[in-house]
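Right, one structure below, let's go through it.
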Amino acid sequence: VPAIQADNEYALRSVLIGGETSRADARDESQQLDPFSQLYKQGDVISPPYPPLEMSMLPEHSDILGAIIDALAVNIDGQGHRMVAYPDVDEDSPDVQEEKARTEAFFDSCSSEGFTQLRMDKRRDQEPIGYAFFEVLRETFTSARARRQRKAQNRVELGLPAMRVEDDGDERHPWRFVHVPAYTVRLCALKDEDGEPVEAIEYRRLEGRWEKETVRRTFRKFVQILSENPSKKRYFREFGDPRGMDADTGKYYDSEDAVPQGKTRATELAYFRHKSGRTPYGISPFAGVMLNIAGTRKTQELNYSRLRNNMIPPLFLLISGGGLTKGSVQRMEEKLKEMKGLDRFSAIMLLEALAPKPKGKDLLEPSGPAGAVKIEVKEVAQSVPGDALFMKYTEANHKIIRARRRVPPILIGLAEDYSYATAFVSLKMFDEQVCDPERGSFDAWVNGQVLPRLGIHDWRFQSNGITTGQMAEVAKLIE
């Protein structure tokens, strides 16, 4: 703090040279309006418990969450799948082989980016936001008729009996799945006629075949609004809803055929979520550690600000018995701003100091020949922290965030404290307790909702997991 004694005989002036005292940059907060806000007020759309866009951005503001979600996507959904025959099915029979070929052809072509990649994209939505969507596209009525004719002809050529119509699944088969960004979609409220149960077809497996069963159930409606065009809404039906819908207004019709000409027929959405008992939306497993994510981010911003603004100067220039001339002060300020990089490593700076003037004069003005003036440079390295701040706090937060999904450190590049035995056991437990139940849930949806609609009776979908051999190879890498 600059200070000058009253008599000015032994003046002490502290001058901070070369340091910027501007405040730390404050991070901008989102000022955009929620395009769904009016629909919330009208009661047409259910407000999610957490803002989906901000939740989708959590991995962008965390140094560890992105790696955790990638590990989940790769190990749960990224290992591919295989078709497994049901028990008591003769896999070598022409009928069964023909069905397997149709099934494999479907999964090979049901997504332009590959079915495995589609599943990984779903996981990258479902983990931070809490829910995810596939858009389900069905074949045209013309394509459906042509498909049944080809199938009947193939069975004749193979010498197989004609297939019953009821064994062919839905009238219009699903043929394509498309990823829908979850943050752009909201759930509509079940009010008025939208909340009334309707008759729908469900599939139940009896004696080795999928049998159709008519049930009454309620279906959800979904609406999508893009921030680029907030005035445009797009409505979707829930997967399996037999009714038709106008995609622009969300109005239901008795069937798809009943949608008037000129109207855009709404497609279907398959809805996946981390279930919660208090909301029809899914809730992210990381909702409970958002403070840890935010706290870690703040410590990183603090460390960055400290390095950028250099709040503690590296040295003090102490002058006793006199003061620097104005020219020296100006020269120091200019040179210290320039002295960066190797080119200035051996540069020399000349300083001039003069004895103080009589009382009432400015110390920085020359006053004739210099007296006994002493200039001393003192480093203050001991006052500067040797490492980043809050490292233990950050490390503890990383462990808490990982614990939400029980991801082993070895899968996100943290293997310092691992041996072969501990790495193998942690990978095995992660696969059995986290990945395998998630795969089983998705497999149940494919086997109970997709394959019966394709008329697939002898084969079931099974996601691949991490094999014991793969776990051993990963564990050996850290030895």
Side-chain angles (χ1 to χ4, degrees), residues 35-36 38-39 42-46 106 109-112 118 133-153 165-182 184-203 212-271 449-450 452-455:
F36 294 92
Q38 189 61 35
L39 295 177
Q42 296 171 355
D44 296 332
V45 172
I46 302 172
F106 170 79
S109 61
C110 69
S111 173
S112 59
L118 182 73
F133 298 98
F134 286 168
E135 183 181 13
V136 182
L137 308 181
R138 293 183 182 263
E139 62 188 354
T140 64
F141 289 102
T142 302
S143 298
R145 288 192 294 269
R147 172 183 49 77
R148 285 192 292 272
Q149 290 172 358
R150 289 195 305 271
K151 188 174 180 180
Q153 183 63 33
V165 174
E166 55 268 28
D167 287 342
D168 192 39
D170 287 357
E171 182 180 5
R172 294 170 60 218
H173 285 186
W175 75 280
R176 182 63 64 95
F177 297 127
V178 181
H179 172 253
V180 179
T184 67
V185 180
R186 300 293 187 275
L187 278 61
C188 293
L190 296 175
K191 67 179 200 176
D192 302 330
E193 65 274 6
D194 291 356
E196 295 295 326
V198 297
E199 288 190 353
I201 297 296
E202 295 285 351
Y203 289 88
K212 294 181 179 179
E213 189 175 71
T214 301
V215 298
R216 290 186 61 81
R217 56 160 293 191
T218 301
F219 288 91
R220 181 78 63 177
K221 182 196 301 182
F222 306 94
V223 60
Q224 180 187 47
I225 300 180
L226 301 179
S227 57
E228 296 85 358
N229 188 11
S231 62
K232 178 70 173 178
K233 296 189 288 291
R234 180 67 71 188
Y235 289 90
F236 298 88
R237 301 176 290 140
E238 186 175 353
F239 183 44
D241 191 338
R243 295 170 293 180
M245 179 189 290
D246 184 342
D248 295 318
T249 65
K251 180 181 178 181
Y252 279 114
Y253 294 89
D254 292 338
S255 67
E256 290 190 86
D257 291 336
V259 178
Q261 289 289 336
K263 300 288 186 181
T264 303
R265 285 191 307 199
T267 54
E268 299 162 273
L269 289 187
Y271 178 41
Q449 296 295 324
V450 178
R453 301 179 190 280
L454 298 173

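If you're wondering where the values come from, they're calculated on a predicted model, not measured in any experiment. The first residue in the sequence is number 1, and the count goes up from there. For the numbers below, each heavy atom of this structure counts, side chains included, while hydrogens, waters and symmetry mates do not.
Atom CG of Asp248 has more than 12 neighbouring heavy atoms from other residues, nucleotides or ligands inside a 6.0 Å radius.
Looking at Lys221, its side chain does come within 3.5 Å of a backbone N or O of Gly250 through a donor-acceptor pair. No donor-acceptor pair closer than 3.5 Å links the side chain of Arg217 to the backbone N or O of Glu199.
Scanning both residues, Ser111 and Leu118, for their nearest heavy atoms gives OG-CB, 4.0 Å. Phe219 and Tyr252 get closest at one heavy-atom pair: O-OH, 4.3 Å. Of all non-hydrogen atoms in Arg176 and Ser109, the two that sit nearest each other are NE-O, 3.3 Å.
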Item to check | Step-by-step ring pair (Phe, Tyr, Trp, His ring centres under 6.0 Å) determination, Phe222 to Tyr235 | outcome: CA-CA 6 Å; Phe222 306 94; Tyr235 289 90; over 10 Å; no
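A donor and an acceptor atom, one from each side chain of Thr184 and Gln224, are located under 3.5 Å apart.
Salt bridge Glu196/Lys191: absent, no basic N to carboxylate O contact under 4.0 Å. Under 4.0 Å is where a charged nitrogen must lie from a carboxylate oxygen, and between Arg243 and Glu256 no such pair does.
Side-chain atoms of Phe36 and Val223, non-hydrogen and from C-beta on, do get closer than 4.5 Å to each other. Residues Leu190 and Thr218 meet the side-chain proximity criterion, which asks for heavy atoms closer than 4.5 Å.
Cation-pi check for Arg453 over Phe239 is met; the charged atom lies under 6.0 angstrom from the ring centroid and within 45 degrees of its normal.
The salt bridge (Lys or Arg N to Asp or Glu O under 4.0 Å) analysis of residues 257-266, with sequence neighbours excluded, yields the pairs Asp246-Lys263.
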